[in-house]
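Comments concern the structure below.
Numbers restart at 1 for each chain; the letters A, B, ... are given by sequence-line order, proteins then strands.
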Amino acid sequence: MDEKYFPEKIEEKWQRIWTETGAFEVEPDDERPSFYCLEMLPYPSGFLHMGHVRNYSIGDALSWYKRLSGFNVLHPIGWDSFGQPAEQAAIKRGINPLDWTEENIAHMRGQMKRIGVSYDWRREIAAHRPEYYRWDQWFFLKMYERGLAYKRKSPVNWCPKEQTVLSNEQSSGGVCWRCGTIVEKKEREQWFIRITAYAEELLEGMKQIEAGWPERVLTMQRNWINRSEGAFVDFAIKETDEKVRIFTTRIDTIYGATAVVLAIEHPLVAKSVLKDDVAQFVERVRVARQSQVTPGEDEEKEGINTGLLAINPFNGETIPVWVANYVLMEYGAGAVMSVPAHDERDFEFAQKYSLPVRRVIERVSHEQEKIEHDPEAGLDQSVMMPHAFTDYGILVNSGDWGGKLSADAKIEMARFAEEQGFGEAAVTYRLRDWGISRQRFWGAPIPVIYCEQCGIVPVPENELPVVLPEHAEFTGAGDNPLAGVAEFVNTTCPTCGNAARRETDTMDTFVDSSWYFFRYCDPRNESAPFDKKAIAYWTPVDQYIGGIDHAVMHLLYTRFWTKMMRDIGLVSFDEPVKRLMTQGMVTNLVEGTSEWKRMSKSLGNGVDPDDMIAAYGADAVRLFILFAAPPENELRWQETGIEGGVRFLRRVWGMVWRWRERLSEAPRKEDGAAGAEFSDAARALRRKTHQTIARITDDFEELHFNTSVAALMELSNALADSGVQPEAASATDAFAVREALEALIVMLAPFAPHVSEEMWEALGHAGGLIKGAARWPVANDELARKEELEIPVQVNGKLRSRIRATPDTTEEALRAAALEDEKVRGLTEGRQVVKVIVVPQRLVNVVVK
RNA sequence: GCCGGAGUGGCGAAAUUGGUAUACGCACCAGACUCAAAAUCUGGCGGGGUUCACUCCCCAUGAGGGUUCGAGUCCCUCCUCCGGCACCA
């Protein structure tokens, strides 16, 4: 140890020692409890940004804490290395995607090592390597066998900039998740994963993880799946054999239906002999949608009467059939019954086209016990209703159902429809199947062969992996470069041996990240995606840390994937992640403004982690990141804050430097200091030490790193202010100082591991914090207990005085002391004491009249 | 519009979950050291009023109300900000 703190020197030293001793390399060990700490798989863009550093600082702090607390901690890292930027680099700069990716990984790995993140590097994986993606392909085959992977032609979300398909999750809000381009709709044959088969379970499963996941992530997933309970009802089309099925969540309002409205893509629209103006309308809407101007902004509701008539099966009434742009083909049945009186959208539509508004639900009021039937019922009420009444209530003007409550009628009417054969109760979801086909080169090839005779033939398992060719033409012309590689495309049919063609779509990269953390448990397995025993020891993930941006996409897919793996017998649990923490953004001032925005190159407010490490050391950067804000909050980047971190580390360093000689001969165990009484100063220091241990241990369990650091600073201040000096310290004083310093160092290690290692060594400990004998300190409640308390005394709830007491002072004594207190007496004199509230060890409140 | 989260000093934030509001740090101010500056150290730092002074009083956790001996914390109403979804029938 040098007298001065030189971060670059000790950081290099300890990074070397960690590697040489395999400090963070772990294997399953039935003697020890496991802890799986996981950070989200990074994309190898080439450079680490501060968001990464924050992510890894959080995960690393927790990993260190768990390790020092006796857990066998799995803390791995890898690369989400398939995807579009590699291909862009190939197009723009003529670099092979493989070389580009590998170079980026090498650079970022170096950066991670300079931060000193405690990964088990032997377990590193990368999605673009055949030994990884062969298992993507293997899973695809398993799902294909079970009908969970299928191909169909469907309208897909097409990003014109990236020239590829996007899943619904990736085109949320009508824009591409990656580049923000407005997506178009295209008809394409593509592969889907039947995630909807698990819709109900994905909702149900949330109960299992509720306690450990942030509310907003669960809400976002719930909204995304959007379960709704309702009913299908068939309306016969008059004078034909056709019928049209509608979906409604408000079958109780069916007597108020004044039209049936179809989506423009509804089969009945195409099938029917249509008037010219209907065909024109449909075409106009279709064209308008292709060049959707502002996504998210509602089109004005428009529709046209088809001239067809539908029969309401409940009352036999004949109502017109319309086509309109506000009905979605993808949801429910692609057709609705229009009930203007009780649905805002139908109301708006009815107003525009002067459709009748018929009220069939009345508000249930307490004053009005009897529902009187509206004499105007059945007449056009649009004049009387300024907008739709969408609440539940009591049915009126609804035949035999009149007088029933909505909630009851919903159930009974659906059952009636089912009995009569013209409908059924049903649950629908907004969640759609996951489209995984991408017209890209740099992804895992979908292992399927097309044969003229045999049709779609899955690649046999023993022929996996289907390896990407090493070279392709990257023209940027929009075609999938993989389709241009003849030796890849041309193959023979595994079934009949005739010439055949390979699928050239590759998989969405979210497939890779859906199960990667299982692979970490057994990363080199060549005969299975992973060994079941290894999985049983390490998974599910105990703590997952990452950005909120994956709340719906990745985190929904991986939950699905786990359930699918359970169903094919690979895992024995339902949910992959017990606890999830979503970290906040790292922001920086945009120059010339007072706005804090996410760091980015284009805004010019980015900060390079390497520069920060060079200037202040990795330890100070990490300490600042964890101290400046709670992990889920936005983190505002401030260099003065890092300087504060450096100051703190230097102060601790200085104390160790001053004390290390004196402590080399100080007793190590409490009994070594026996025979002498601890001084007041030493007792006070020990009290602070043990209070701090208790506090920080609790904080770590809740990931409250910012308050942990604050507590460390308090302990360090207490040590400095204790008045105990190395030259004059008694054996007991020295013991108290050693206890405080060692606790401080061990608890500092999760935030600033390099400097902690160095100081730990300076205090005479060999072998390092992990491989040596260091343990997370245990708080002694007895020592942490205050000897003397200052009890606040309130009069009528206002703080007026304080009295001295000990933790053992009885309630009676506290009460008496408070009443005798001079200031209290001044305020209570001549008044009647109504009661005295005594909270032992806390407070006394004297209530006077 | 619907769903979720949050409003505490100049700033980032604490508050043992109903019991001393503002811990810890940043910034700032004053002092020491220095020819000077930086670094470092010491002290101060919510607002207002009062005392020569030790002190003492009042107000303050987005606004208003309520429950309670006692509310940043619980309940009601409202405002603002952030995030998600958005014609989902």
**Report entry** Pair A:Thr428, A:Ser228: side-chain N/O donor-acceptor within cut-off below 3.5 Å
**Finding:** yes
Query raised in the report: Between B:C26, B:A89, B:C69, which nucleotide has the shortest distance from any of its atoms to the side chain of A:Thr640?
Result: B:C26
Query - Any A:Asn633 side-chain heavy atom under 4.5 Å of A:Met585 side chain - result: no
Query raised in the report: Taking the side chain of A:Val839 as its heavy atoms from C-beta onward, which of B:G83, B:G25, B:G19 lies nearest to it?
Result: B:G19
Requested in this report: Would you indicate what A:Val834 reaches in the nucleic acid, counting non-hydrogen atoms under 4.0 angstrom: base, sugar-phosphate, or nothing?
Outcome: nothing
Query raised in the report: Which listed nucleotide (B:C24, B:G4, B:A89) is nearest to the side chain of A:Ala710?
Result: B:C24
Query - Salt-bridge criterion met for A:Glu300 and A:Lys352 (N-O under 4.0 Å) - result: yes
Query raised in the report: How close or far is atom C1' of B:C85 from atom CZ of A:Arg222, stated in whole angstroms?
Result: 14 Å
Report task. Tell me what A:Asn717 touches on the nucleic acid: a base, only sugar-phosphate, or nothing, going by heavy atoms under 4.0 Å. Result -> sugar-phosphate
Query raised in the report: What is the base-pairing partner of B:A27, counting Watson-Crick and G-U wobble geometry with both distances under 3.5 Å?
Result: none
Would you tabulate the nitrogen or oxygen pairs shorter than 3.5 Å linking the protein to nucleotides 53-60 of chain B?
from  : atom 1 : to       : atom 2 : distance (Å)
B:C56 : OP1    : A:Lys823 : NZ     : 3.2
B:C58 : OP1    : A:Arg800 : NH2    : 3.3
B:C58 : OP2    : A:Arg800 : NH1    : 3.4
B:C59 : OP2    : A:Lys798 : NZ     : 3.2

Return the polar atom pairs (N/O with N/O) between nucleotides 42-49 of chain B and the protein under 3.5 Å, or none.
none

Requested in this report: Tell me what A:Gln794 touches on the nucleic acid: a base, only sugar-phosphate, or nothing, going by heavy atoms under 4.0 Å.
Outcome: base
Requested in this report: Among B:C85, B:G84, B:G19, find the nucleotide with the atom closest to the side chain of A:Met220.
Outcome: B:G84
Report summary line: For B:C56, the nucleotide meeting Watson-Crick or G-U wobble distances (both under 3.5 Å) is B:G49
Query raised in the report: Are A:Arg651 and B:U40 close enough that a side-chain N or O sits under 4.0 Å from OP1 or OP2?
Result: no
Query raised in the report: Within 45° of the six-membered ring axis of A:Trp224 and under 6.0 Å from that ring's centre, is NZ or CZ of A:Arg430 located there?
Result: yes
Query raised in the report: Could you give the CG-to-P distance, from A:Leu555 to B:G84, as a whole number of Å?
Result: 15 Å
Query - Between B:A23 (P) and A:Leu715 (CG): distance, integer Å - result: 18 Å
Query - Inter-nucleotide C1' distance (B:G64, B:G83), Å rounded - result: 27 Å
Query raised in the report: Less than 6.0 Å separating the ring centroids of A:Tyr326 and A:Phe349?
Result: yes
Requested in this report: Could you measure between the two C1' atoms, the one in B:G46 and the one in B:G9, and give it in whole Å?
Outcome: 5 Å
Query raised in the report: Hey, what's the ring geometry for A:Tyr557 with A:Trp434, parallel, tilted or perpendicular (30° and 60° as the breaks)?
Result: parallel
Report summary line: Closest to the side chain of A:Phe627, out of B:C85, B:C24, B:A89, is B:C24
Report task. Kindly indicate whether the side chain of A:Val847, heavy atoms from C-beta on, has any atom under 4.5 Å from the side chain of A:Val833. Result -> no
Query raised in the report: For B:U17, does the glycosidic angle fall within 90° of 0 (syn) or outside that (anti)?
Result: syn
Requested in this report: Sticking with atom P, work out how far B:U50 lies from B:C58, rounded to a whole angstrom.
Outcome: 15 Å
Report summary line: Walking RNA chain B from its 5' end, the first of A:Glu330 and A:Glu643 to be reached, judged by nearest nucleotide, is A:Glu643
**Report entry** Donor + acceptor pair across side chains of A:Thr806, A:Thr809 (<3.5 Å)
**Finding:** yes
**Report entry** Value in whole Å for how far the P atom of B:G5 lies from CG of A:Asn223
**Finding:** 12 Å
Report summary line: Pairing partner of B:A6, by Watson-Crick or G-U wobble and under 3.5 Å for both distances, is B:U80
Requested in this report: For the pair A:Phe751 and A:Phe700, name the ring-plane relationship: parallel under 30°, tilted 30 to 60°, perpendicular over 60°.
Outcome: tilted
**Report entry** A:Phe648 CZ - B:G25 P separation (whole Å)
**Finding:** 9 Å
Query raised in the report: P atom, B:U20 versus B:A15: distance in rounded Å?
Result: 13 Å
Query raised in the report: Any salt bridge between A:Glu424 and A:Arg245, counting N to O under 4.0 Å?
Result: yes
Report task. Using the C1' atom as the reference point in each nucleotide, state the distance between B:U80 and B:C87 in Å, no decimals. Result -> 28 Å
Requested in this report: For B:C69, take OP1 and OP2 only and decide whether either is under 4.0 Å from a side-chain N or O of A:Lys835.
Outcome: yes
Query raised in the report: With respect to the side chain of A:Ile837, which nucleotide from B:C85, B:U20, B:C69 is positioned closest?
Result: B:C69
Requested in this report: Assign A:Gly644 to base, sugar-phosphate, or nothing according to its heavy-atom contacts below 4.0 angstrom with the strands shown.
Outcome: sugar-phosphate
Query raised in the report: Atom CZ of A:Phe347 and atom C1' of B:A89: how far apart are they, to the nearest Å?
Result: 17 Å
Query raised in the report: Rounding to the closest angstrom, what is the interatomic distance between B:U22 and B:C35 at atom P?
Result: 42 Å
Query raised in the report: Say you pick atom P in B:G66 and the same atom in B:A13; how far apart are they, in whole Å?
Result: 32 Å
Query raised in the report: Would you say the side-chain atoms of A:Arg559 and A:Gln221 include a donor-acceptor pair closer than 3.5 Å?
Result: yes
**Report entry** G-U wobble or Watson-Crick pairing nucleotide for B:C87 (cut-off 3.5 Å, both distances)
**Finding:** none
Query raised in the report: Does A:Arg358 count as lying over the ring of A:Tyr255, i.e. NZ or CZ under 6.0 Å from the six-ring centre, within 45 degrees of the axis?
Result: no
Report task. Check if the side chain of A:Asn845 and the base of B:C69 share a donor-acceptor pair of N or O atoms closer than 3.5 Å. Result -> yes
Query - Protein-nucleotide distance (A:Tyr5, atom OH; B:A39, atom P), rounded to Å - result: 18 Å
Query raised in the report: Does a salt bridge link A:Arg636 with A:Glu634, judged by any charged N lying under 4.0 Å from a carboxylate O?
Result: yes
Report task. Between A:Glu634 and A:Val709, name the one whose nearest nucleotide on RNA chain B is closer to the 5' end. Result -> A:Glu634
Query raised in the report: Distance check: side-chain N/O of A:Arg430 vs OP1/OP2 of B:A86, anything under 4.0 Å?
Result: yes
Query raised in the report: Given atom CD of A:Gln638 and atom P of B:A13, what is their separation to the nearest angstrom?
Result: 10 Å
Write down the protein N/O and nucleotide N/O pairs, taken from nucleotides 14-17 of chain B, whose separation is under 3.5 Å; answer none if there are no such pairs.
from  : atom 1 : to       : atom 2 : distance (Å)
B:A14 : OP1    : A:Asn706 : ND2    : 2.9
B:U16 : O2     : A:Arg842 : NH2    : 2.7
B:U16 : N3     : A:Arg842 : NH2    : 2.8

Requested in this report: Output the distance between atom CD1 (A:Ile251) and atom OG1 (A:Thr249), rounded to the nearest 0.5 Å.
Outcome: 10.5 Å
Query raised in the report: Centroid-to-centroid, A:Tyr5 to A:Trp657, below 6.0 Å?
Result: no
Report task. Determine if the base of B:G4 is syn or anti; take syn to mean the glycosidic torsion is within 90° of 0. Result -> anti
Report task. Please measure how far the C1' atom in B:G72 lies from the corresponding atom in B:A23, and state the result in whole Å. Result -> 15 Å
Requested in this report: Output yes when A:Arg227 and A:Glu229 qualify as a salt bridge under the 4.0 Å nitrogen-oxygen rule, no when they do not.
Outcome: yes
